[in-house]
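If you're wondering where the values come from, they're calculated on a predicted model, not measured in any experiment. We're numbering straight along the sequence, starting at 1.
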Amino acid sequence: MDFQRARNDEQRSQRRQHILEVTAEMLTEMPVAKLSLNELSRRVGLAKANVQRYFESREAILLQLLDAELKDWLTELEAQLAPIEGTVRERGDRLAKVLAETLAQRPVLCDLISAQAAVLERNVSPEVSRRHKYATLSTFQLLARLARRCLPELGAEDALRLTGFITLVATAAWPYIEPSQAVVAQYPDDPVVTAMHVDFADVVRQTLEVSITGLLTRNEDAPLGMAPLAAIPAHHADHE
């Protein structure tokens with residue numbers, strides 16, 4: 001950057017974007033758990049206290065990066081999830097396959113999703129948490145609409161339930177992508193341990209195939225959480 005101190009809104013926005021870009025680059029080198037605010041500050045070229053003028057905590061940075069990564073993923077899915085011919089089973093399986101494979105190709109996004117509930121939402125203010133929840137709802141609604149483009153048999157609420165299942169299975173499966181050294185050491189000698197190795201894309205695909213079949217069979221069109229979300233207007237979901 002060609003300025004030492006951000007003196008107007010445009011420069012402050014540029015500084016925030018630079019912090020997010022450096023964070024994303026760091027996550028290609030290390031997992032979320034090892035990313036520290038001290039090291040991020042060093043790479044950004046600002047004192048830790050100055051970084052916190054733009055983001056209140058490490059977790060606040062990572063939550064905003066998660067929102068940005070999800071938007072990028074949706075842009076990719078928009079191009080890939082075009083309506084196709086086929087039976088309900090065939091279209092449902094293809095939807096599961098595209099979701100799983102594109103997600104697996106985004107390790108930074110998967111790592112952030114897996115840390116979201118247990119870590120990232122634990123050290124932020126109510127205001128940051130609120131903004132993140134609104135952004136998440138907007139993402140879920142868009143993803144649900146893309147799913148129904150391929151599978152219009154899904155009800156609006158069931159499509160939203162599917163987006164929740166995607167998050168849950170990614171959160172559960174991602175930590176197994178890098179087994180411990182003790183487990184890896186047994187792979188050449190123990191076929192049982194080898195057979196239990198989890199392939200992330202495969203387990204996500206299989207889980208979503210079963211979930212989609214179950215949603216269609218039960219045909220409940222029930223809310224994802226405590227109240228219906230599909231009908232919430234987009235301007236509320238996008239609220240900052």
* Asked: Under 4.5 Å between any side-chain heavy atoms of His132 and Leu120, yes or no?
  -> no

* Validation row: Glu29, Glu25 side chains within 4.5 angstrom (heavy atoms) -> yes

* Look only at the side chain of Arg149 and the backbone of Glu78, and say whether a donor-acceptor pair between them is shorter than 3.5 Å. => yes

* Asked: Should Gln141 and Leu137 be marked as a side-chain contact (heavy atoms from CB on, under 4.5 Å) after you check the CA-CA gap, both sets of side-chain angles, and the distance that decides it?
  -> CA-CA 6 Å; Gln141 288 179 325; Leu137 174 58; 4.0 Å; yes

* Asked: Is any side-chain N of the basic residue among Asp67 and Lys71 closer than 4.0 Å to the acidic one's carboxylate O?
  -> no

* Asked: So how far is it from Ser114 OG to Gln116 CD, rounded to the nearest 0.5 Å?
  -> 9.5 Å

* Side-chain contact test, heavy atoms from C-beta onward, threshold under 4.5 Å: evaluate it for Leu215 versus Phe165 and give yes or no. => yes

* Asked: Do the side chains of Met26 and Leu40 get nearer than 4.5 Å, heavy atoms only?
  -> yes

* Check for a donor-acceptor pair, side chain of Arg91 on one end and backbone N or O of Gly86 on the other, with a separation under 3.5 Å. => yes

* Structure fact -> Applying ring pair (Phe, Tyr, Trp, His ring centres under 6.0 Å) to Phe200 and not counting sequence neighbours gives Trp174

* Give a yes or no answer on whether the side chain of Asp111 reaches the backbone of Val32 with a donor-acceptor pair at less than 3.5 Å. => yes

* **Which residues share a salt bridge (Lys or Arg N to Asp or Glu O under 4.0 Å) with Arg161, sequence neighbours left out** => Asp158, Glu220

* Under 4.0 Å between a Lys/Arg side-chain N and an Asp/Glu carboxylate O for Arg94 and Glu90? -> no

* Compare all side-chain heavy atoms of Arg58 with those of Val119 and state whether any distance is below 4.5 angstrom. => yes

* How far does CG of Leu162 sit from CG of Leu143, to the nearest 0.5 angstrom? -> 7.0 Å

* To do: Show your working on salt bridge (charged side-chain N to carboxylate O under 4.0 Å, His left out) between Arg89 and Asp93 and close with a plain yes or no.
  => CA-CA 6 Å; Arg89 170 73 175 269; Asp93 286 355; 3.2 Å; yes

* Asked: Just checking, is any N or O donor in the side chain of Glu56 or Ser125 under 3.5 Å from an acceptor N or O on the other one?
  -> yes

* Spell out, as yes or no, whether a donor-acceptor pair under 3.5 Å connects the side chain of Ser138 to the backbone of Tyr134. => no

* To do: Kindly work out whether a path of hydrophobic side-chain contacts (I/L/V/M/F/W/Y, heavy atoms less than 4.5 Å apart) joins Leu168 to Leu154.
  => no

* Structure fact -> On a heavy-atom basis, the closest approach of Asp72 and Arg106 is O-NH2, 3.4 Å

* Would Arg12 count as a cation-pi partner of Tyr54, with NZ or CZ less than 6.0 Å from the six-membered ring centre and within 45° of the ring normal? -> no

* How close do Ala100 and Ala201 get, heavy atom to heavy atom, and via which atoms? -> CB-O, 3.4 Å

* **Residue that, paired with Leu99, satisfies side-chain contact (heavy atoms from CB on, under 4.5 Å) out of Val169, Leu77, Leu146, Val204** => Leu77

* **Reported OG1-to-CG distance for the pair Thr75 and Leu70, which is rounded to 0.5 angstrom** => 11.0 Å

* Taking a hydrophobic cluster as the set of Ile, Leu, Val, Met, Phe, Trp and Tyr residues connected by side-chain heavy atoms closer than 4.5 Å, whether directly or through intermediates, do Ile84 and Leu95 fall within one such cluster? -> no

* Rounded to the nearest 0.5 Å, what separation is found between the CZ atom of Arg145 and the CG atom of Leu81? -> 14.0 Å

* To do: Would you check, one step at a time, whether the test side-chain contact (heavy atoms from CB on, under 4.5 Å) holds for Thr139 with Thr163?
  => CA-CA 9 Å; Thr139 297; Thr163 68; over 6 Å; no

* Which pair of non-hydrogen atoms, one from Ala96 and one from Leu208, has the smallest distance, and what is that distance? -> CB-CB, 3.8 Å

* Test side-chain contact (heavy atoms from CB on, under 4.5 Å) on Thr167 and Phe140 and set out the steps. => CA-CA 10 Å; Thr167 301; Phe140 275 19; 3.5 Å; yes

* To do: Verify the neighbour count for atom CZ of Arg43: are there more than 12 heavy atoms of other residues, nucleotides or ligands below 6.0 Å?
  => yes

* To do: Would you name the heavy atoms of Leu27 and Leu65 that are closest together and state the gap between them?
  => CD1-CD2, 3.7 Å

* **Cluster link Leu160 to Val210, ILVMFWY, side chain under 4.5 Å** => no

* Shortest non-hydrogen contact from Val88 to Glu153? -> CG2-OE2, 3.5 Å

* Are Arg131 and Gln64 linked by a side-chain donor-acceptor pair shorter than 3.5 Å? -> no

* To do: Mark yes or no for whether Asn38, through its side chain, and Lys48, through its backbone, hold a donor-acceptor pair below 3.5 Å.
  => no

* **Check: Ala159 main-chain N/O paired with Arg148 side-chain donor or acceptor under 3.5 Å** => no

* Would you confirm whether Glu76, through its side chain, and Trp73, through its main-chain N or O, come within 3.5 Å as a donor-acceptor pair? => no

* Asked: Counting distance only, does the side-chain N/O of Ser57 pair as donor-acceptor with the main-chain N or O of Asn123 below 3.5 Å?
  -> yes

* Close side-chain approach of Val51 and Ile61, heavy atoms under 4.5 Å -> yes

* Structure fact -> When rounded to the nearest 0.5 Å, the distance separating CG of Leu37 from CZ of Arg42 is 13.0 Å

* Which atom pair, heavy atoms only, marks the closest approach of Ala170 to Leu103? -> CB-CD2, 4.0 Å

* Less than 4.5 Å apart, any side-chain heavy atom of Glu121 and any of Lys133? -> yes

* Measure the spacing between CD of Glu59 and OG of Ser129 and express it to the nearest 0.5 Å. => 12.5 Å

* **Sub-4.5 Å side-chain heavy-atom contact between Ser41 and Leu46** => no

* Asked: Between Leu216 and Leu151, does a side-chain contact (heavy atoms from CB on, under 4.5 Å) hold up when you go through it step by step?
  -> CA-CA 10 Å; Leu216 291 168; Leu151 208 61; 3.9 Å; yes

